[in-house]
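Inspection log for the structure reproduced underneath, given as structure tokens.
Predicted model only: the values in this text are computed from it and were never measured. Whatever order the structure lists them in is the order used to number ligands and atoms, beginning at 1.
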Amino acid sequence: MAVPMLDLVAQYKKLREEVRAAIDGVLDTQGCIGGPKVAECEKAIAAYSDCKFAIGASSGTDAILNALMSLGLKQGDEVITTPFTFFATAGCVVRAGARPVFADIDPKTYNIDVKQIERRLSKKTKAIMPVHLFGQMADMDPIMDLARGHNLAVIEDAAQAIGATYKGRKAGSVGTCGCFSFFPSKNLGGVGDGGMIVTSEAALAEMCGIMRNHGSKPKYYHKYVGGNFRLDPIQAVVITIKLKYLESWHEARRANAAWYNAKFAGCDKIVTPFVDSNNRMIYNQYVLRFRADKGASRDHVEAALNERKIGNAIYYPVPLHLQECFADLRYKEGDMPHSERAAKEVLAIPIYPELTEAQKEEIAKAVLDAVGA
Ligand SMILES: Cc1ncc(COP(=O)(O)O)c(C=O)c1O
């Protein structure tokens, strides 16, 4: 039995009528840019995330870029972040004119290691950008302590973690601001690109609102150079509808994760996701590590799953400090050993809420067969 990595059609079948009516509502008014539907969505996401303000964005990438630009980063400023993440995290730092400084991860959670951040602080450091990878928040208390002590902004890259919590606090609500992605594969996904910034700081929220419209206020008077970073109303109505179901989807993913954890528990070649006791993980991805030191080969498992048409994905095969476009940052292999090892050993398997028992059995069997367990 083939199993896809993600089955959005299964999700859409349950929401079809509701989503189509809402999209028709937008089309009937032809209010296709901004307007009340975007505002409604922003209000709902702010409330869900325990933040005072939310500013829609055209993607998770543009949410991060807007946040960095609105925080006033400039040439020569440094932003400390993780190399084990999607490209956008560091790409936006460069696009905002600043320099990404990479700090290695905690090999258990795959999130940025605060001890490594501390070692990389300099006079030029202006911000820290932890990434809540795979749906688990980074260790925010020591990060916030460090930031307060050095007067740094903290941008939570919460693209994969809407609804995750750390000590009961929601992703996006702990730092200066948080950025979400509504890319369709996220737990809360649109029908195209979308994103959002959340914050409880009024001045930052206002600035993000200005920057998303090319830095203009009033219209055609440009005090700043911003961009077109707007969330469109079609995405907004879909996100608002899906938000009603999000908690049940999180719980279904968590139940699937618990099911897999039990299946793989007896195999010492496989490391299942480690969730810190402070955290509620929402499993945007369920990522296994195949231990090379125990004779397992991630690449072999990947090939075996592909052979059996079982969905899988490597997040991420090349840590950002080794990306060609960042060669001028002068990192080399060996600089971030935990990220480099993770890049060679991790593999995500399907975790979406609609997975059936039979599909999970098929996936788990394929994985265990592949490692010879
Ligand atoms: C950690 C992280 N940051 C940023 C982004 C960028 O979001 P988007 O794809 O919506 O631009 C993503 C999305 O894949 C992500 O996973």
Side-chain angles (χ1 to χ4, degrees), residues 5-6 8 41 45 54-69 79-96 100 102-103 105-106 109-112 127-138 140 143 154-164 171-172 175 177-198 208 212 227-232 234-236 238-239 242 253 273 281-287 313-321 323 325-326 339 342-343 346 348 351-352:
M5 186 60 189
L6 181 65
L8 288 172
C41 180
I45 296 289
I55 304 93
S58 28
S59 64
T61 304
D62 285 346
I64 296 170
L65 182 60
N66 185 353
L68 292 170
M69 290 170 80
V79 178
I80 301 180
T81 191
T82 162
F84 195 57
T85 175
F86 179 61
F87 177 76
T89 312
C92 288
V93 173
V94 174
R95 290 174 67 199
F102 294 113
I105 54 169
D106 170 344
T109 62
Y110 307 112
N111 279 328
I112 197 164
I128 304 172
M129 182 150 46
V131 177
H132 304 324
L133 204 68
F134 307 141
Q136 168 163 228
M137 287 178 71
M140 290 304 290
I143 293 174
V154 175
I155 303 106
E156 295 175 56
D157 180 341
Q160 303 181 3
I162 190 166
C177 63
C179 299
F180 299 130
S181 163
F182 303 133
F183 188 83
S185 66
K186 300 299 193 272
N187 288 31
L188 180 60
V191 287
D193 281 307
M196 202 163 287
I197 303 163
V198 288
C208 291
R212 77 168 149 189
N228 174 351
F229 301 138
R230 295 183 294 260
L231 178 69
D232 81 68
I234 289 188
Q235 301 309 324
V238 175
I239 297 298
K242 286 194 179 184
R253 285 170 180 264
M281 179 163 182
I282 55 101
Y283 291 99
N284 181 236
Q285 300 297 344
Y286 180 87
V287 175
I314 299 173
Y315 305 114
Y316 295 90
V318 183
L320 299 189
H321 67 291
Q323 293 288 349
C325 65
F326 294 145
S339 299
V346 296
I351 189 70
Y352 57 87

Can you sort out which atoms of ligand 1 are near Ala159, meaning under 4.0 Å from one of its heavy atoms?
2 (C), 3 (N), 4 (C), 5 (C), 12 (C), 15 (C)
Could you find the nearest protein heavy atom to atom 5 (C) of ligand 1 and give me its residue, atom name and distance?
Phe86 CD2, 3.6 Å
Atoms of ligand 1 less than 4.0 Å from Thr61 heavy atoms?
6 (C), 7 (O), 8 (P), 11 (O)
Looking at Tyr316 versus Tyr110, is the centre-to-centre ring distance below 6.0 Å?
no
Hey, is ligand 1 close enough to Asp193 that some N/O pair sits below 3.5 Å?
no
Do Gln136 side-chain atoms and Met281 backbone N/O form a donor-acceptor pair below 3.5 Å?
no
In terms of atom number and element, which parts of ligand 1 are under 4.0 angstrom from non-hydrogen atoms of Thr89?
3 (N)
Within the structure, does Gly60 bring an N/O atom to less than 3.5 angstrom of an N/O atom in ligand 1?
yes
Is Asp193 reaching over with its side chain to a backbone N or O of Ser58, donor-acceptor style, under 3.5 angstrom?
no
Distance from atom 14 (O) of ligand 1 to nearest protein heavy atom, with residue and atom:
Lys186 NZ, 2.8 Å
Sub-3.5 Å N/O-N/O distance, Gln160 and ligand 1
yes
Counting distance only, does the side-chain N/O of Arg253 pair as donor-acceptor with the main-chain N or O of Asn284 below 3.5 Å?
yes
Candidates Gly91, Ser181, Ser59; heavy atom nearest atom 10 (O) of ligand 1 found on Ser181
Can any side-chain N or O of Lys242 pair as donor or acceptor with the backbone N or O of Gly189 at less than 3.5 Å?
yes
Strictly distance-based, threshold 3.5 Å: is any side-chain N or O of Asp157 a donor or acceptor partner for the main-chain N or O of Gly60?
no
Under a 4.0 angstrom heavy-atom cut-off, which atoms of ligand 1 come close to Val131?
1 (C)
Where the side chain of Asn111 meets the backbone of Pro130, is there a donor-acceptor pair that is under 3.5 Å apart?
no
Residue-ligand contact Asn284/ligand 1, heavy atom below 4.0 Å:
no
Hey, is ligand 1 close enough to Thr85 that some N/O pair sits below 3.5 Å?
no
What protein heavy atom sits nearest atom 3 (N) of ligand 1, and how far away is it?
Asp157 OD2, 2.8 Å
When you look for heavy atoms under 4.0 Å from ligand 1, do you find them on the side chain of Ile64, its backbone, both, or neither?
side chain
Check whether Thr81 reaches the backbone of Ala90 with its side chain - one donor and one acceptor, N or O, closer than 3.5 Å.
no
Where the side chain of Gln235 meets the backbone of Val191, is there a donor-acceptor pair that is under 3.5 Å apart?
yes
